[in-house]
K.L.:
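Handing you this structure, nothing more for now.
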Protein chains: 2
Amino acid sequence: MVRDGSAAERRFEGRLRSLRSAGHRITAQRRAVLRALAMMGCACGAEDVHARARRIYPRLGLVTVYRTLAALVREGLAQTVQLDDGRVRYELRDDGRHHHHLVCLSCGSIARLEACALGRLQSAGLRRGFRVTAHRLELFGYCEDCQPSGGRHEAR
Amino acid sequence: MVRDGSAAERRFEGRLRSLRSAGHRITAQRRAVLRALAMMGCACGAEDVHARARRIYPRLGLVTVYRTLAALVREGLAQTVQLDDGRVRYELRDDGRHHHHLVCLSCGSIARLEACALGRLQSAGLRRGFRVTAHRLELFGYCEDCQPSGGRHEAR
DNA sequence: GTATTTGCAAAAGTTTTGCACATCC
DNA sequence: GGATGTGCAAAACTTTTGCAAATAC
């Protein structure tokens, strides 16, 4: 990847700046984690990020990955995603915008879904005095390549 | 609790019957787990279920709770909920109907939200060839008793 | 009577913590 | 130079597995 002045590169530098202005120091390890996250698309486990980031900074420890991911989440630069396996997944936030996930029950693929139709639910929360500031939604089912024949899996 | 012919009690017996007809045996342990789940409302961790069910069947092991919960989920009688702490939560499904959760970021309380406005998202998935059969949604924010003064927490 | 279930102990897997050393600003 | 960050090893936590004894049907 050429480190030109592309939009992706500007976003990368912006995230570094955000981290720095939040009082964190910029180290080679954190650059590596951030770059790995940016290259990997959505919903990666810490171990995956570690493997990818090690190709950039080989001495990187898994512990540092966890600590960096926690910092990114704390500063609002990344967010967690929880699927059905017991592990926490991470992804960068794209600043303002916001997406959900289509998780295929057959092949496990995870695709982004940009639509967000939660307005009605948010107001249902409000009506009960609950101020909604965040939400998490995952849609499960079968992707185009995995349309099942039977009807074994029902809606949850 | 009086084991009368109330609606709750009929639902309890119905769940036992479902388990049995799915080929599982009905043991005192499974009765205790099921009853504990029914009494506890939504989104309880396995450890909580264990503690509650032990008041009914004191010798109950945690392992049995895990195995029973897994069986209930497999048979569609219960479902899992994943919040931000790393543990899996369980709740009984109320047969057909379907609810989401309002999770207070301040006090941690979890309330049921019966509304479901996912139609638009489901069709957005379909448009991409993805057949949505299940979803999971959690709304986070502040409950009536915990309305914050500042604006520290933004939407995710 | 036989297959299923249980409980214990131990294992597995992910995530966190303590601490000495290194590094950023 | 001093606070912050890193890596290792070990701990903490939830969840799973192996196995002999107990139990449902």
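Letters A, B, ... are given to chains in the order of the sequence lines, protein chains preceding strands, and every chain is numbered from 1. Note: hydrogens, waters and symmetry copies are ignored here, and every other heavy atom, side chains too, is used.
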K.L.:
Which donor-acceptor pairs under 3.5 Å do the side chains of residues 52-67 of chain A make with protein atoms, sequence neighbours left out?
P.N.:
residue: A/R54; atom: NE; partner: A/P58; partner atom: O; Å: 3.0
residue: A/R54; atom: NE; partner: A/L60; partner atom: O; Å: 3.3

K.L.:
Nearest 0.5 Å, what's the CG-OG1 distance between A/L105 and B/T133?
P.N.:
5.0 Å
K.L.:
What is the distance from NE2 of B/H50 to P of C/dT6, rounded to the nearest Å?
P.N.:
12 Å
K.L.:
Among all residues two or more places apart in sequence or in another chain, which pass the side chain to side chain contact (heavy atoms under 4.5 Å, CB included) test with B/S106?
P.N.:
B/C104, B/Y142, B/C146
K.L.:
Taking atom C1' of D/dC8 as reference, at what distance in whole Å does atom CZ of A/R59 sit?
P.N.:
11 Å
K.L.:
A/H50: which residues meet the ring-ring contact (aromatic ring centres under 6.0 Å, His included) condition with it, sequence neighbours left out?
P.N.:
none
K.L.:
What is the distance from atom CZ of B/R89 to atom CD of B/Q82, rounded to the nearest 0.5 Å?
P.N.:
10.0 Å
K.L.:
Where is the tightest heavy-atom contact between A/I26 and A/L16, given as atom of each residue plus distance?
P.N.:
CD1-O, 3.6 Å
K.L.:
Please state whether the phosphate of D/dG7, meaning OP1 or OP2, lies under 4.0 angstrom from any side-chain nitrogen or oxygen of A/Q29.
P.N.:
yes
K.L.:
Kindly give the heavy-atom pair with the smallest separation between B/Y90 and B/T80, and that separation in Å.
P.N.:
CE2-CG2, 3.7 Å
K.L.:
In whole Å, I'd like the distance from the CG atom of A/L16 to the P atom of D/dG5.
P.N.:
14 Å
K.L.:
Can you tell me how far apart CD (B/E9) and CZ (B/R35) are? Round to the nearest 0.5 Å.
P.N.:
4.5 Å
K.L.:
If you compare all heavy atoms of A/L92 against all heavy atoms of A/Q79, which two are closest, and at what distance to 0.1 Å?
P.N.:
O-NE2, 4.4 Å
K.L.:
Given 3.5 Å as the limit, does a donor-acceptor pair link the side chain of A/R30 with the main chain of A/T68, or not?
P.N.:
no
K.L.:
Would you find a donor on one side and an acceptor on the other, under 3.5 Å apart, between the side chain of A/E91 and the backbone of A/A43?
P.N.:
yes
K.L.:
Between C/dT5 and B/R30, is there an OP1 or OP2 to side-chain N/O distance shorter than 4.0 Å?
P.N.:
yes
K.L.:
Produce a footprint string for nucleotides 19-25 of chain D: one letter per nucleotide, 5' end first; B if the base is under 4.0 Å from any protein heavy atom, S if only the sugar-phosphate is, - if neither.
P.N.:
-----BS
K.L.:
What's the angle between the local helix axes at either end of the helix from C/dG1-D/dC25 to C/dC25-D/dG1, using five pairs per end and rounding to 10 degrees?
P.N.:
40°
K.L.:
How would nucleotides 10-16 of chain C be written as a contact map, 5' to 3', with B for base contact, S for sugar-phosphate-only contact and - for no contact, using protein heavy atoms under 4.0 Å?
P.N.:
----SBB
